[in-house]
Protein chains: 2
Amino acid sequence: MEKEDALNALAALGQETRLDVFRLLVKAGKEGMTAGAISDALEVRPNTLSTHLGALSRSGLVHAERDGRSICYRADLQTMQVLVTYLLQDCCGGNPELCAPIASIAAGKICDTEGSC
Amino acid sequence: MEKEDALNALAALGQETRLDVFRLLVKAGKEGMTAGAISDALEVRPNTLSTHLGALSRSGLVHAERDGRSICYRADLQTMQVLVTYLLQDCCGGNPELCAPIASIAAGKICDTEGSC
DNA sequence: TCGTTATTTCGAGTATTCTCGAATTATGGA
DNA sequence: TCCATAATTCGAGAATACTCGAAATAACGA
């Protein structure tokens, strides 16, 4: 991942409405949500939301797919993975122990509710 | 982690100079770097850097410790862990398979260079 | 084709953020 | 105590980001 990509993704998430949108889509899972449904859920005007969805899209954190009249948005967790990897690059160079807390991000911690993760 | 904390951390990292500082400190590891050393390394004016270090500090991504006339900054990877966990909360609710890519963030991926991670 | 619904694009106003020079605080040594 | 070094705080200007109403585009059904 290039620095500019990481910067775009982080700046995208560093704004309240967009963070809300991303987390909502993470929860929505593979089914995603239409722009309208997101607008209703978060009570954000459609045109304002559209601007934010554009930013999230450009950063690769979400993807859009047209479905009839609606457009369905889904979170891209792989971009998140690449982003975190970028942020922690070279963290083990001199001091492996610093990475220990990060290792616990793995399956166990995030996916407690589902044994299969 | 509260939403405001996540927002602060993400907004902090979504700015070029601060992202550079954080990554530099991640690489520096437990020894950290003084404000002056960071200023020299990134060629950022001391007062501007100080503002950015303040933002990173307030967000919990770095911590400061005075050492004589200098102030030493270190990255806090635990805050990163909590942040990522927050971002991916409930991602497994309905669709465990979405979490798969994230699981690979664990030890193996990030810490390739050091078997002990 | 025409009207309706879903979403995006445009333009402007407001608010926030970034950067800098100058001044200030804090520490250690002569 | 006095000076030099290290870092932060202050205030202002320039740039960027956010939100909104209005208008435009896209898709479906009658």
Closest to the 5' end of DNA chain D, once A/G68 and A/T48 are matched to their nearest nucleotides, is A/T48

Of D/dC20, D/dA26, C/dT8, the nucleotide closest to the side chain of A/S50 is C/dT8

A/L56 CG to C/dT8 P, in whole Å, measures 12 Å

Walking DNA chain D from its 5' end, the first of A/G14 and B/C72 to be reached, judged by nearest nucleotide, is B/C72

(message) Whether the side chain of A/R69 and the base of C/dT7 hold a donor-acceptor pair under 3.5 Å is what I'd like checked.
(response) no

Rounded to whole Å, the CD1-C1' distance (A/I71 to D/dC28) equals 14 Å

Rounded to whole Å, CZ of A/R66 lies from P of C/dT7 at a distance of 8 Å

Which of C/dT19, C/dT7, D/dC18 is nearest the side chain of A/T34? It is C/dT7

ask   = Under 4.0 angstrom, heavy atoms only, what part of the nucleic acid is A/S70 near: base, sugar-phosphate, or nothing?
value = sugar-phosphate

Scanning both residues in full, the closest heavy-atom pair of A/L56 with A/A12 reads CD2-CB, 4.0 Å

Taken to the nearest whole Å, CZ/B/R18 to C1'/C/dT17 is 8 Å

Per atom distances to the A/Y73 side chain, the nearest of C/dT8, D/dA7, D/dA26 is C/dT8

note: A/H52, atom NE2; D/dC18, atom P; distance rounded to Å ~ 6 Å

Ranking D/dT8, C/dT8, C/dT19 by distance to the side chain of B/N47, first place goes to D/dT8

Mind checking whether B/L87 and A/V26 have side chains closer than 4.5 Å, heavy atoms only? no

Value for OG1 (B/T85) from CE (B/M80), rounded to nearest 0.5 Å, stands at 9.5 Å

Of the candidates C/dT9, D/dC18, C/dT19, the side chain of A/Q15 sits closest to D/dC18

Which of D/dT8, C/dT19, C/dC18 is nearest the side chain of B/T17? It is C/dT19

Taken to the nearest whole Å, CD/B/E16 to C1'/C/dT19 is 14 Å

Rounded to whole Å, the CZ-P distance (A/R58 to C/dT8) equals 11 Å

Rounded to whole Å, CG of A/D67 lies from C1' of C/dT5 at a distance of 14 Å

Among the nucleotides D/dA7, D/dC18, D/dT9, whichever has the atom closest to the side chain of B/T51 is D/dT9

d(B/Q89 CD, A/K27 NZ) to nearest 0.5 Å is 6.5 Å

In this structure, CG of A/N8 is separated from CG of A/L61 (nearest 0.5 Å) by 9.5 Å

